[in-house]
Amino acid sequence: MTKPVLIAVAWPYASAKIHVGNLTGSYLPADILARYHRLRGRDVLMVSGSDSHGTPVTVRADEEGVLPEDIYKRYHAEFIELFQKLGLTYDIFTSTHTSNHTDVAQKLFLALKENGYLYTEASLQWYSTQQERFLPDRYVEGTCYFCGTPGARSDQCDHCGHLLEAEKLIDPKSKIDGSTPELRETTHFYLDLEKLQDEVADFLRARQDYWRPNVIKQSLGQIETEGLHGRPITRDLSWGIPVPVEGWDEKCMYVWFEAVMGYLSAAVEWGMLHDDPDAWRHWWTDPESKSFYCIGKDNIPFHAIIWPAELIGVGTSFDAKMGAEDPQPLVLPYDVPANEFMNLEGRKLSGSKNWAVWGLDFLERYDPDPMRYYLTVNMPETKDSDWDWEEFYQRNNNELVATWGNLVNRVLSFAYKYWEGKVPDPGELRKDDLALLESIKIGFDTVESHFESVKLRAAVQECMRLAGEVNKYLDTTAPWFEVKTDKSEAAKSIYTAMQAIDWLKILFSPILPHTSQKLHNYLGHEQPLFGTLITKQVEDDLSTHTVMLYDPADSLTAEAEDLWTPKELTPGKAFNQPTPLFVKLDATIIEEERARLGS
RNA sequence: GGCGAAGUAGCUCAAUGGUAGAGCAGUGGACUCAUAAGCCAUUGGUUGGCGGUUCAAAUCCGCCCUUCGCCA
């Protein structure tokens with residue numbers, strides 16, 4: 001049995017399109033990690049789905065006069081289209097609006113309740129007498145009691161940035177019909193974080209040596225300086241997971257409390273869809289299982305404090321409710337490599353102002369790998385980064401095209417021309433040949449350590465540096481000169497370069513899977529590196545939902561073999577005439593793309 | 001307001017107390033297999049500011065400025 005690796009990816013809110021900031025923040029790094037671990041022959045399960053509940057979805061539904069379910073399904077379908085085109089290998093991308101997720105979330109809720117980590121408390125909330133319902137904070141606007149600006153939401157004033165106490169808002173009005181709401185008392189469940197705080201702190205201390213500073217300081221640091229306080233986990237809403245307690249059927253679980261449970265429920269659903277209902281335990285109860293949570297920095301407290309607290313509080317009770325004879329506790333996060341944010345042309349991304357590069361729109365005009373490359377080399381791992389169209393253009397042309405793509409093209413086309421489409425037989429390799437191959441072999445170890453510690457930017461830079469080494473090597477040996485004087489010498493140079501390229505293909509493949517596959521085919525390998533993404537309609541008691549699944553099919557990574565190893569290229573092996581891996585861009589795209597922004 | 005992260009060459013980033021480096025851009029050169037790509041050489045820095053600790057500070061400490069996130 002190989003090692004289980006769970007890649008848990010942030011759940012996109014099904015109420016807005018996905019832009020490059022979302023992609024580089026969590027979805028892309030997750031896929032790169034997943035593909036790397038697949039190459040290592042590990043049992044990878046990459047899970048996520050659409051966060052279909054919560055007020056952003058209902059707000060949009062109310063605006064458009066449609067059902068929340070319609071909103072979620074529209075965006076859910078778009079997400080899947082984007083992920084297929086960009087090649088994000090989710091083993092399952094599902095939704096929180098399923099019977100399965102409802103069941104898992106309710107079991108977790110009840111487990112926490114039975115274990116004594118939930119309590120109830122009354123508070124005041126805005127109530128609409130017109131609509132006979134409580135209004136979420138985002139539904140109420142009024143005048144800010146700090147700066148006097150009208151149009152402030154009841155939880156926050158966008159003008160002065162203060163968070164507001166709802167009951168102090170001046171002249172509150174419902175956003176739905178303009179009526180004046182009144183304050184009414186309501187009772188909610190709270191997660192007792194004070195009771196869980198010591199165990200959460202122990203969990204964090206065990207990981208503080210390798211977690212990113214922002215993540216550990218914001219979680220462990222907060223516990224040590226301020227401590228944790230109970231947080232409400234239910235709301236007066238009808239769109240969500242019903243609270244599984246008698247007399248509470250009017251209320252739902254708070255979306256931040258429930259959505260993180262999707263990492264578990266999606267694994268359960270994956271097992272059911274693969275006729276192996278116990279499969280989830282491989283990733284969730286095996287102490288050897290390593291779980292990586294790929295999220296943006298806005299989500300750090302939920303993943304580094306609250307979700308671990310939920311998992312600790314649940315103990316063995318969830319596994320027991322799932323029918324285990326010898327129930328086990330659930331596996332806590334191994335790493336939470338949260339990314340910072342990406343800006344655009346020096347300004348904050350803003351969907352409503354169209355200050356964004358949208359994923360699907362980008363792929364109308366460009367290939368997926370240039371986007372994956374630019375977002376990786378510019379990934380906001382330690383601080384906010386910036387998408388700049390000129391830099392995208394430069395890096396595409398100078399690095400992807402000139403350094404890597406051109407290397408492949410110059411070597412393969414030369415080899416094809418002089419050795420009739422067969423890998424040349426080098427005989428005994430020279431000192432320089434062996435030295436180059438040795439440096440790429442070392443590259444396997446270096447890039448491995450970067451991937452293992454989730455330093456993706458360092459990984460891609462090292463790959464590109466190694467491609468540069470091969471270019472230097474070619475300039476030294478000059479096979480175009482050797483071939484005129486002694487073809488057997490040229491055969492050594494070209495074989496060595498082809499061997500290096502075949503290895504670099506593997507190193508690049510988690511980041512540039514489409515072009516690595518293309519190169520893989522050029523080099524005459526039949527079996528694909530990775531599997532494919534398929535969709536499936538699933539019907540349950542709640543409704544019908546689309547899931548996207550990763551199908552390893554007959555790919556190399558389907559076999560539990562470690563492919564992260566320099567495998568010998570067979571002399572005499574047939575290969576194909578290459579075409580350029582990457583498209584060289586014209587400088588006019590810079591201004592064209594900038595002109596699209598902000599309208 | 002509290003907490004956290006970040007601020008280093010024109011741009012993107014390295015450098016965890018020991019001579020501030022790399023890539024790109026710029027400049028000069030030789031080559032031609034290749035998408036005029038690749039290779040060699042080279043210009044460029046008061047490490048956001050002020051103060052402190054130290055034989056030695058980008059790095060440790062204090063205060064301040066700017067940007068982003070979380071929380072009240």
Side-chain angles (χ1 to χ4, degrees), chain A residues 21 25 146 155-156 160-165 168 193 209 211-229 231 256 295-306 338-343 346-349 374 376-388 390-419 455 457-458 460-462 464-465 467-484 490 493-494 497 578-586:
Chain A
F146 282 100
D155 58 343
Q156 186 174 18
C160 66
H162 279 98
L163 292 191
L164 307 178
E165 289 171 59
K168 289 190 189 165
L193 288 166
D209 291 341
W211 279 25
R212 293 184 181 174
N214 198 13
V215 181
I216 197 70
K217 291 286 179 57
Q218 241 192 90
S219 49
L220 185 58
Q222 195 200 325
I223 294 174
E224 285 174 342
T225 56
E226 297 172 32
L228 298 178
H229 309 288
R231 291 186 58 151
W256 60 253
I295 59 162
K297 66 175 166 182
D298 54 333
N299 256 327
I300 291 171
F302 296 128
H303 291 80
I305 296 176
I306 296 171
N339 275 335
E340 307 290 308
F341 282 3
M342 176 172 264
N343 297 313
R347 279 165 52 186
K348 251 167 97 164
L349 280 164
Y374 183 53
T376 306
V377 84
N378 208 9
M379 198 165 268
E381 290 177 336
T382 55
K383 62 181 172 187
D384 289 355
S385 68
D386 190 48
W387 175 292
D388 181 281
E390 181 167 359
E391 197 196 344
F392 169 75
Y393 156 82
Q394 298 275 7
R395 285 190 181 274
N396 181 78
N397 285 4
N398 295 330
E399 296 169 24
L400 279 184
V401 173
T403 303
W404 173 229
N406 183 57
L407 168 66
V408 169
N409 202 40
R410 69 194 292 208
V411 170
L412 294 193
S413 51
F414 189 90
Y416 194 82
K417 185 173 163 191
Y418 287 98
W419 284 272
K455 290 177 179 155
R457 175 152 49 187
V460 71
Q461 283 172 353
E462 178 64 8
M464 201 50 84
R465 191 190 70 76
E469 290 296 316
V470 185
N471 275 321
K472 289 186 178 90
Y473 162 84
L474 284 172
D475 203 69
T476 313
T477 56
W480 50 90
F481 181 71
E482 291 174 323
V483 81
K484 291 173 188 162
S493 303
I494 288 299
T579 56
L581 288 183
F582 302 99
V583 177
K584 187 168 180 177
L585 296 172
D586 192 273

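Just so it is clear: chains get the letters A, B, ... in the order the sequence lines come, proteins before strands, and each one is counted from 1.
Applying the 4.0 Å criterion to OP1 and OP2 of rG69(B), one finds that Lys348(A) has a side-chain N or O inside that range. Using a 4.0 Å cut-off, some side-chain N or O of Lys217(A) falls inside it from OP1 or OP2 of rA5(B). Neither OP1 nor OP2 of rA22(B) sits under 4.0 Å from any side-chain N or O of Arg465(A).
Residue side chain Asn406(A) does not reach the base of rG38(B) through any donor-acceptor N/O pair under 3.5 Å, judged by distance alone.
Here the side chain of Asn409(A) is nearest to one of rG4(B), rU35(B), rA14(B), namely rU35(B). Taking only side-chain atoms of Pro213(A), from C-beta outward, the nucleotide of rA5(B), rU35(B), rG38(B) with the closest atom is rA5(B). Relative to the side chain of Lys472(A), the nucleotides rC70(B), rA34(B), rC40(B) differ in distance, and rC40(B) lies closest.
Taking a 6.0 Å sphere around NZ of Lys455(A), one finds it holds 12 or fewer heavy atoms contributed by other residues, nucleotides or ligands.
Leu581(A) has its side chain out of reach of Asn409(A): every pair of non-hydrogen atoms, C-beta onward, lies at least 4.5 Å apart.
In this structure, Trp404(A) places its CH2 atom 15 Å from P of rG38(B), rounding to the nearest Å.
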Notebook entry, point to check: Pairing of RNA chain B as dot-bracket, 5' to 3': ( ) intra-strand, [ ] crossing, | other strand, . unpaired, with Watson-Crick or G-U pairs under 3.5 Å?
Noted result: (((((((..((((....[..)))).((((.........)))).....(((((..]....)))))))))))).
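Between the C1' atoms of rG69(B) and rC60(B), the separation comes to 26 Å (whole Å).
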